[in-house]
Enquirer: 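What follows is a single structure, and I will ask about it in a moment.
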Amino acid sequence: MSPSIAFGTGKVPEDLSTYGAWARQVENSGFSMVVAGDSQSLWADPFMTLTVAANNTENALLATTVTNPVTRHPAAAASTAMALQQISEGRFRYGIASGDSALLNIGEKPASVDYLRDYTAAVKALSNRQVAHWEGRELHMRWGPAPVPVWIAAEGPRTQFMAGQIADGVILSNSLPADVCEIVLGNIAEGARSVGRDPDEIEVWWFANLLFAESEEAGLEQIKFLIAGTANHVYRFHMDGKGLPEDIKPKVAAMMAEYDSRHHAFADGANVNAGLADKHGLTEFLASRGTIAGPPEYCIDRLTELAERGVNKMVLAQFMEDKETWMRTFAQHIAPVFC
């Protein structure tokens, strides 16, 4: 028997009036979590989106993957998170990171690691009805049904170490290869042990793309715009300590210099980012870090390899055009093996 994997999934909510039906199909297809990103200039508000999901699912976890510490005051963020926690009867997880397209598209800078740490600590305290300290002030929360677990999307050594110290969960991108897994899990564990925490108590979720196609090449063709976007997000601040070979770093830097955040995570024909990985000779390399593509049998083999290495929680983004067929294929071939 193959090791089990818990799967989450999310999509860009083009129309919230149909999002509830999609969320029901997600849960019925074997997924255990629904996620929503936060990029207000590109997508619908994630908290509104996940409220729709909460009202149309029964057991699936709900998570922001991810929001940021700049566009919302921590008291407002904590209050919104607790409201969603109440609506979902305890199923919500507050995922956060330094900020990418949400901030770049309004001219704001991503948060530093220290700022993200302080913000996360404030949201955690408030959602536990404790006094929070934020920018020299005491913050209080007078209502709230239950604590809200906080997850951090951590892509560099410092953020992973910090997440190990304070986060309830960690979200990883471009980290599927065994050597990269070893690096990032080591950073998280080191941070946890530095404050007396058990690393095994921290949930770790790997973000990945899963494409069903006649061949790996055909599957990658569907997702090239996102391969470039994920790399831009993971390596935008620096590339040190992230398992990148030295000869790859100049290519990644050149690709990121051309990346256009106005088209982030959009698959439309006008997307100027779709050809960047090919242009800089990075498609195969970057795909190996976060994409599984090919016939279902091949995908099962790849997922089995990952599960045997301890990758047991994965978020699979739905950026393919035919999402219903993709979920039916997942339900027919993947869920019976791993879920």
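Positions are given from 1, in the same order as the sequence printed here. Every value quoted in this text rests on a predicted model; they were computed, and no experiment measured them.
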Enquirer: Could you tell me if Asp15 and Ser17 have a donor-acceptor pair between their side chains, going purely by distance under 3.5 Å?
Expert: yes

Enquirer: Side-chain donor-acceptor pair under 3.5 Å between Thr64 and Trp151, yes or no?
Expert: no

Enquirer: Applying the 4.5 Å side-chain criterion to the ILVMFWY set and letting contacts propagate, would Ile183 and Val252 be lumped into a single cluster?
Expert: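 Different hydrophobic clusters.
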
Enquirer: Taking Thr291 for the side chain and Asn209 for the main chain, is one N or O donor matched with an acceptor at less than 3.5 Å?
Expert: no

Enquirer: Just checking, is any N or O donor in the side chain of Thr325 or Arg328 under 3.5 Å from an acceptor N or O on the other one?
Expert: yes

Enquirer: With salt bridge (charged side-chain N to carboxylate O under 4.0 Å, His left out) as the test, would you mind laying out the steps for Asp114 and Arg158 before giving the verdict?
Expert: CA-CA 10 Å; Asp114 291 339; Arg158 286 187 62 209; 3.6 Å; yes

Enquirer: Return yes if a side-chain donor-acceptor contact under 3.5 Å exists between Thr230 and Arg289, otherwise no.
Expert: no

Enquirer: Just do the side-chain contact (heavy atoms from CB on, under 4.5 Å) check on Thr9 and Trp326 with the steps written out, would you?
Expert: CA-CA 12 Å; Thr9 191; Trp326 182 85; 4.1 Å; yes

Enquirer: At their closest point, which heavy atom of Ser29 faces which heavy atom of Gln25, and how far apart are they?
Expert: OG-O, 2.7 Å

Enquirer: List the residues meeting salt bridge (Lys or Arg N to Asp or Glu O under 4.0 Å) with Lys242, not counting sequence neighbours, and say none if there are none.
Expert: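 Partners of Lys242 under the salt bridge (Lys or Arg N to Asp or Glu O under 4.0 Å) test: none.
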
Enquirer: Heavy atoms only: give me the nearest Arg197-Gln165 pair and the separation to one decimal.
Expert: CD-O, 3.1 Å

Enquirer: Between Cys339 and Gly30, what is the shortest heavy-atom contact and its length?
Expert: SG-O, 3.6 Å

Enquirer: Should Lys224 and Glu221 count as an ion pair when the cut-off is N to O under 4.0 Å?
Expert: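 Salt bridge present between Lys224 and Glu221.
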
Enquirer: With a sphere of 6.0 Å drawn around CE of Met256, does it hold more than 12 non-hydrogen atoms of other residues, nucleotides or ligands?
Expert: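 Enclosed.
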
Enquirer: Looking only at non-hydrogen atoms, find the nearest pair between Asp168 and Val148 and report the distance.
Expert: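 Heavy-atom minimum between the residues: OD2-O, 4.4 Å.
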
Enquirer: Could you label the plane-to-plane angle of the Trp134 and Tyr115 rings as parallel, tilted or perpendicular, counting under 30° as parallel and over 60° as perpendicular?
Expert: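 Rings of Trp134 and Tyr115: perpendicular, over 60°.
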
Enquirer: What class does the angle between the rings of Phe330 and Phe31 fall in, given that below 30° is parallel, 30 to 60° is tilted and above 60° is perpendicular?
Expert: parallel

Enquirer: Are there over 12 heavy-atom neighbours, none belonging to Glu258, within less than 6.0 Å of that residue's CD?
Expert: yes

Enquirer: With the side chain counted from C-beta on, respond yes when Thr159 and Ser98 share a heavy-atom pair under 4.5 Å apart, and no when they do not.
Expert: no

